[in-house]
Number of protein chains: 2
Amino acid sequence: MKVLIIGAAGMIGRKLTDAILRDQVIGDRRVEALHLADVIAPVPPASDSVKITTSTTDLTDPAAARALTVWRPEVIFHLAAVVSGQAETDLDLGLTVNLDGTRNILDAIRQTGEGYCPRFVFTSSLAVFGTPLPDVIPDDFAPNPRTSYGAQKLIGEILVSDFSRRGLLDGISLRLPTICIRPGAPNAAASGFFSGILREPLAGLPAALPVDPETRHWFAGPRGAVGLLLHAASVDTAPLGHRRALNLPGISATVADQIAALERVAGPRAVALIRPEPDPLVRDIVSAWPRAFAPDRALSMGFTAETSFDEIIAAHIEDELGGSLPLHDVP
Amino acid sequence: MKVLIIGAAGMIGRKLTDAILRDQVIGDRRVEALHLADVIAPVPPASDSVKITTSTTDLTDPAAARALTVWRPEVIFHLAAVVSGQAETDLDLGLTVNLDGTRNILDAIRQTGEGYCPRFVFTSSLAVFGTPLPDVIPDDFAPNPRTSYGAQKLIGEILVSDFSRRGLLDGISLRLPTICIRPGAPNAAASGFFSGILREPLAGLPAALPVDPETRHWFAGPRGAVGLLLHAASVDTAPLGHRRALNLPGISATVADQIAALERVAGPRAVALIRPEPDPLVRDIVSAWPRAFAPDRALSMGFTAETSFDEIIAAHIEDELGGSLPLHDVP
């Protein structure tokens, strides 16, 4: 079958591409062709068995969106988005990319016609939720975004559900947990420290901790996130009915839990690289975020992610650090 | 102050206009000028004290939306919408009017600039909710529309909340109960019989009942709906925070409750005009609708509506039938 990834040049897009090329199947269907689209030119990996094409595509142009669906891919992953901080700083940019861009690809699908009804996997976010929140969020708890990013993702979810109910596509919206450990350089995102306090010490580098160790949040690793996306691409969507957005399994962990896992895997010298640097602004932002979910619907449909930070850290060492810790001894 | 009603030619728009001209104040502020806009030319009532202007405005044109906000009204009621059945039959029309039209007026407000931040009262609907539903819906229960109309209204709510959070306007979205008794001729809406079984017998005419008498739903009368809109135009919005959409007070009543009230007010001869005509299609549609709410937030902010169908029927006789029943005896 033919698979399209929109937003293929991002971190999750690249890891999803690698996983598809490694498995060469999604569910029980062989992937024959993969098209990678992004506003930044995607770099196609080598593959003997899967035909790979790429395009530099600006989804805010309706014609560009239509050019992607003319190919009639059976599975579409829509990962492209302006991220949280940027959507908050620039409302017009967020609305144009996150709302209009998503609507453009949805409209392109329904305008393709001739019974075209692809599986459409939309990456939403736990940013659709805002305070007040219960300690554990049930599936029927009302989203109330506190950011424009969360609002725009929620609008995308509603369109995906409505278009699916109308039989125009077969959509599923994934409220992905916060991805941790994000590889790469530290960034300025308020959530960045959750990755930084593991990634940097694992590389022998210092890391700042801006919040209290008892701060709790909801996480999946990059492998877990890719697994959720691939499962969404092949799972039977009948149990979803018209409610196409899913809270997802993840790990509810405190910063102290993260640090304990780091110590188990990389020893006290790694933990000693974490410096408390309280930041009231980051603390206030993070305190408004979900702490845990009871994702019963997703669990009943077979969605799974990592179950411990030990597992996430081990995967990071394997995937990003060549399988060993560079600068310090494992205990 | 200056007040704008968009969708002024509709039933609620006309009753809201009449109430504003009668009271000449909203909250404790005098209404000096009222602009009535609709895609159908509004007919301005006479008024000695309030300056009334009208326009034939198609909100799907961004320039037309901007023309309304140049006037800088302090209060905007946005009632304009393609109704449920039409939005389901014609997805493009619903998206264009209900989503793009709403966004156009929101964008026009934020583009007005110079600190312009009007109270924006948006009429949403209990159609944002879809099954499975609890018997009584709490304020934090997740909306899951089962119609494109409900989806488009929910998207409007999210934009109103996000723009309000950003300080671009001071918005409030009202999930109005089903309005009953709707005056006028019977229509083909699935909900039409809820009004028909009261309105037609009160006028001495027969009415069909397509559902079981135990069918339960959530109602407000036209007076109640107008009262909710006027309260929303002046209430302190601080308690809303970033959650600008409100479930509202109403009456949870069965069809049997409605008929009992009809009998109390208009006697058994009126009730005898109701003919059971079971319609499985209408029964299925209505069975998916909300049966009751616990609208704690709205109640704590002083929102009120009718409390009995006796009250609704009495108001209908006063407002629509000249104060007396034409064709049969009161018991």
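The aromatic rings of Trp289(B) and Phe194(B) lie tilted to each other, with the angle between the two planes from 30° to 60°. Note: Phe122(A) and Phe120(A) have parallel aromatic rings, judged against thresholds of 30 and 60 degrees for the angle between ring planes.
For the pair Val121(A) and Ile76(A), the minimum side-chain heavy-atom distance is 4.5 Å or more. Taking the side chain as every heavy atom from C-beta outward, Phe303(A) and Leu246(A) approach each other to under 4.5 Å.
A distance of 11.5 Å separates CD1 of Ile251(A) from CZ of Arg216(A), quoted to the nearest 0.5 Å. To the nearest 0.5 Å, atoms OG (Ser125(A)) and CG (Leu174(A)) are separated by 11.5 Å. The distance from the NE2 atom of His231(B) to the CG atom of Leu248(B) is 10.0 Å, given to the nearest 0.5 Å.
Only the side chain of Arg165(A) comes within contact range of chain B, judged by heavy atoms closer than 4.5 Å. In this structure, no portion of Arg244(A) lies under 4.5 Å from any heavy atom of chain B.
Near-neighbour residues of residues 78-109 of chain B relative to chain A, defined by a heavy atom under 4.5 Å from a heavy atom of that chain, comprise Ala87(B), Glu88(B), Thr89(B), Leu91(B), Asp92(B), Leu95(B), Leu99(B), Asp100(B), Arg103(B). Within residues 133-155 of chain B, the residues having any heavy atom closer than 4.5 Å to a heavy atom of chain A are Asp140(B), Phe141(B), Ala142(B), Pro143(B), Asn144(B), Pro145(B), Arg146(B), Thr147(B), Ser148(B), Ala151(B), Leu154(B), Ile155(B), listed by residue number.
Per-residue heavy-atom pair counts under 4.5 Å with chain A were compared for Gly130(B), Pro132(B), Ser161(B), and the maximum is reached by Pro132(B).
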Open item on the list: Between Thr178(B) and His217(B), is the side chain to side chain donor-acceptor pair (under 3.5 Å) condition met? List the steps.
Closed with: CA-CA 8 Å; Thr178(B) 292; His217(B) 191 46; 2.6 Å; yes
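Ring centers of Phe129(B) and Phe293(B): under 6.0 Å apart, within the cut-off.
A donor atom on one side chain and an acceptor atom on the other are found under 3.5 Å apart for Thr112(B) and Thr69(B).
When all heavy atoms of Asp170(B) and Cys117(B) are compared, the closest pair comes out as N-SG, 3.8 Å.
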